[in-house]
Amino acid sequence: MATPPDAVIEAGDSSPDARGGFRVAVADFDGPFDLLLSLITKRELDITEVSLSAVTDDFLAYLRALEGAERLDEASEFLVVAATLLDLKIASLLPQGELVDAEDVALLEARDLLFARLLQYRAFKEVSAWFSERITAETRRHVRSVRLEDRFRQTTTELRWTTSVDDFAALALLAFAPKEIPIVGLDHLHAPLISVREEAAHVVGMLRAGEPLTFRQLIAGADQMGVVVARFLALLELYRHAAIGFEQLEPLGELTVRWTAENWSDENLVNLGAEYGQ
Amino acid sequence: MASETVTDSAAAPDAAAPENADAPERAGLADGVDLARALEAIFMVVDEPQSVVGLASAVGRPVKEVRAAIASLVADYDGEPDPAALPDAPARPRRGFELREVGGGWRLYVRAEFDDVVRDFVHTQAPAKLSQAALETLAVIAYKQPISRGAVASIRAVNVDSVVRTLLSRGLITEAYTDSETGAIHYETTELLLTQLGINSLDELPQISPLLDDGQAGFDDVR
Amino acid sequence: MASETVTDSAAAPDAAAPENADAPERAGLADGVDLARALEAIFMVVDEPQSVVGLASAVGRPVKEVRAAIASLVADYDGEPDPAALPDAPARPRRGFELREVGGGWRLYVRAEFDDVVRDFVHTQAPAKLSQAALETLAVIAYKQPISRGAVASIRAVNVDSVVRTLLSRGLITEAYTDSETGAIHYETTELLLTQLGINSLDELPQISPLLDDGQAGFDDVR
């Protein structure tokens, strides 16, 4: 990070951002974070040219100077926006080319959706300022709310009390029971469980014969994304156990996997992938 | 009721019939009692916003009459000239209080310019300020209600559980219904939120479309 | 009435500004603010009768002026002719409320002739049966008394303001004391609740202990 933290923190008098929030200073841009966002959403700044890691470094330095609730607020806001920017950036970095196949179209749509999400987020953020102003203004207002005059107090309808003392205690129990906000159940989703261990056993079986295999060959026949993911995780685990080696001649090129373990016992498989649960 | 009904239809023969239908059996103002005066007596004792319909049913007068009487009280307290007075009649004072329609009904408020004067006499503690995250979540729920927690989280891109709990405990949102298929609870805002915003209905929220049509429609224009 | 109007229009913002400097340190009305209007704002929000001396110190005006302003308000609300108005000026309305001196202080009350209307209204507002929310809140107060409204709200995880008011007006709970530090009113149940439940003392409430100590201690010793 080239810019020293205190240079970043300066509230920037020339800044159009009057509240003097977080300022970004990276290669092609120097100004408030909000401005960076609006430039990106207006596509006047290429997201791929913004170093998110530099922005993050700056932000962390800026955060250290803040305190308490303000810090939390700014941090959570930054996370929301940064996560979207990251998605955006990933989408931008992917090859674009000509609109030849459906995949590319889908990619562009995904990018637009991310822009949309950012815009939507900004809309809610902006309108939340209105909420804040209104609520603050309204807490200063005073409504007439006085105790009922005694002469009216005694004239209310006679209470029809139907609760027994035991029912009353049961109500108390109900009221005191911890109020957990119920969690949305996922039980209705019946995705078949895929075991990293089982897939590892499969991969080991294929590789142990001695012939190096490409990743493409290893996942041949896998009809579910989950199986592909599980086999990939299994490979990482096996690599950690020094059971296999990788070879890749060029970036994004064919990945070749070779069996390198000298004394492998199937007991090693038992614990493999345990941290993935299944 | 019988005598009041006579009064009603005598007072407004044409309009009374349909609206008067919802008037209650029991209550009702005696003949000749000035409706505006009776309403201001009621406003003295209420501690919730009073809807016009509720008031009409309490005093046994047509909704239309009650609405007119409230309008006359608002103008009266605001110091607007009495429409029934002669042109050169002296102006009425602008009262230290006003009648406001907030949170779905009418209540008496101290006029804003006297807020500071009365502050020392009021002992309510202002509730803790809502965090930025809570305000944004509240905004999302206000505009997209009824909405599940998951849907809010996907707009805010962060977990909103504790924020939703805060908003629930402050009475600003409430559970609208539970989706029978997914079991997801959907939330909506309450009248208390309207009161705290000082507005009377959700229609008074600022317009923020077209950004909100799921980012789909109208997106090209914005870009 | 005319006099107030004159004062009102004279109280232009720009006129007030320079003189504002000599306003008293803490409270006090800015010069040019109509005293009667400020007083009626205060009367809108106070529960207890206000002494003239107390009001005078709050608004930073001489007792004599405050007394005169109160007298003008009484006459105003009673619909007496404005002494400053022309003889043929229209009469002022006799308000549905009045300013009365009770127990050494002044407070707004419903005017006696509207007692019936207000009584009917209060009647309609108070349903014969307590709502589930009210019963649960009452149960919380019964087991945790004395307890503040905020503490009840955090146990019930909802806003309980209006429910507490209902219970108060029903005479099922009462104000026990006000915390001198936080200003929070603590509530306790009344004899009426015991009567309704058919028990002689709170000790006869069924024991529901484990949950009561905020789920902290007390799990082993069931009360």
Side-chain angles (χ1 to χ4, degrees), chain B residues 24 26-30 33-34 36-48 50 54-55 57-60 76 79 82 84-86 88-97 108-111 113-118 120-125 127 165 168-172 174 190 192, chain C residues 1-2 4-5 7-9 27 29 33-34 36-46 50 58-59 76 82 84-86 88-90 92-97 108-111 113-118 120-125 150 153-154 156-162 165 178 182-184:
Chain B
R26 41 161 302 285
L29 234 46
V33 175
D34 187 327
R37 302 285 82 78
L39 290 176
E40 67 187 0
I42 288 173
F43 285 128
M44 275 295 124
V45 301
V46 300
D47 53 17
E48 298 279 332
Q50 298 299 313
L55 288 167
S57 115
V59 297
D76 178 356
D82 185 349
L86 298 170
D88 59 346
R92 300 188 285 188
R94 190 174 144 91
R95 299 283 169 189
F97 49 86
L108 284 169
Y109 279 75
V110 169
R111 198 171 286 284
E113 59 212 69
F114 296 102
D115 281 348
D116 289 341
V117 178
V118 306
D120 291 344
F121 291 89
V122 186
H123 302 294
T124 51
Q125 309 120 292
R165 206 170 299 142
L168 276 172
S169 73
R170 294 278 284 265
L172 297 172
T174 184
T190 60
L192 183 66
Chain C
M1 179 153 171
E4 282 128 24
T5 312
T7 323
D8 281 341
S9 35
L29 242 39
V33 173
D34 190 317
R37 300 287 80 78
L39 290 177
E40 68 186 358
I42 292 171
F43 286 129
M44 259 311 123
V45 296
V46 296
Q50 301 295 312
V59 296
D76 178 356
D82 186 348
L86 298 172
D88 60 346
R92 299 190 285 188
R94 193 173 144 89
R95 300 282 168 189
F97 48 86
L108 283 172
Y109 291 90
V110 169
R111 192 174 292 281
E113 62 208 70
F114 296 99
D115 276 6
D116 288 345
V117 177
V118 171
D120 275 357
F121 176 81
V122 172
H123 225 76
T124 13
Q125 295 301 99
S154 73
R156 297 254 303 117
V158 291
N159 183 295
V160 295
D161 292 4
S162 79
R165 270 197 298 262
T178 303
T182 64

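For C/R111, no part lies near chain B; criterion is any non-hydrogen pair under 4.5 Å. With a threshold of 4.5 angstrom between heavy atoms, C/Q50 approaches chain B through side-chain atoms but not through N, CA, C or O. Only the side chain of C/L108 comes within less than 4.5 Å of a heavy atom in chain B; its backbone stays farther off.
Under 4.0 Å is where a charged nitrogen must lie from a carboxylate oxygen, and between C/R37 and B/E113 no such pair does.
Taking the side chain as every heavy atom from C-beta outward, C/F121 and B/L55 approach each other to under 4.5 Å.
For the atom pair CG (B/D76) and CZ (C/R95), the distance works out to 4.0 Å, reported to the nearest 0.5 Å. To the nearest 0.5 angstrom, B/F114 atom CZ is 12.0 Å from C/M44 atom CE.
Closest approach of C/V117 and B/A38 over heavy atoms only: CG1-CB, 4.2 Å. Closest non-hydrogen pair, B/E40 versus C/G96, comes out as OE2-N, 2.8 Å.
Among C/D115, C/L39, C/T178, C/V45, the residue making the largest number of heavy-atom pairs under 4.5 Å with chain B is C/V45.
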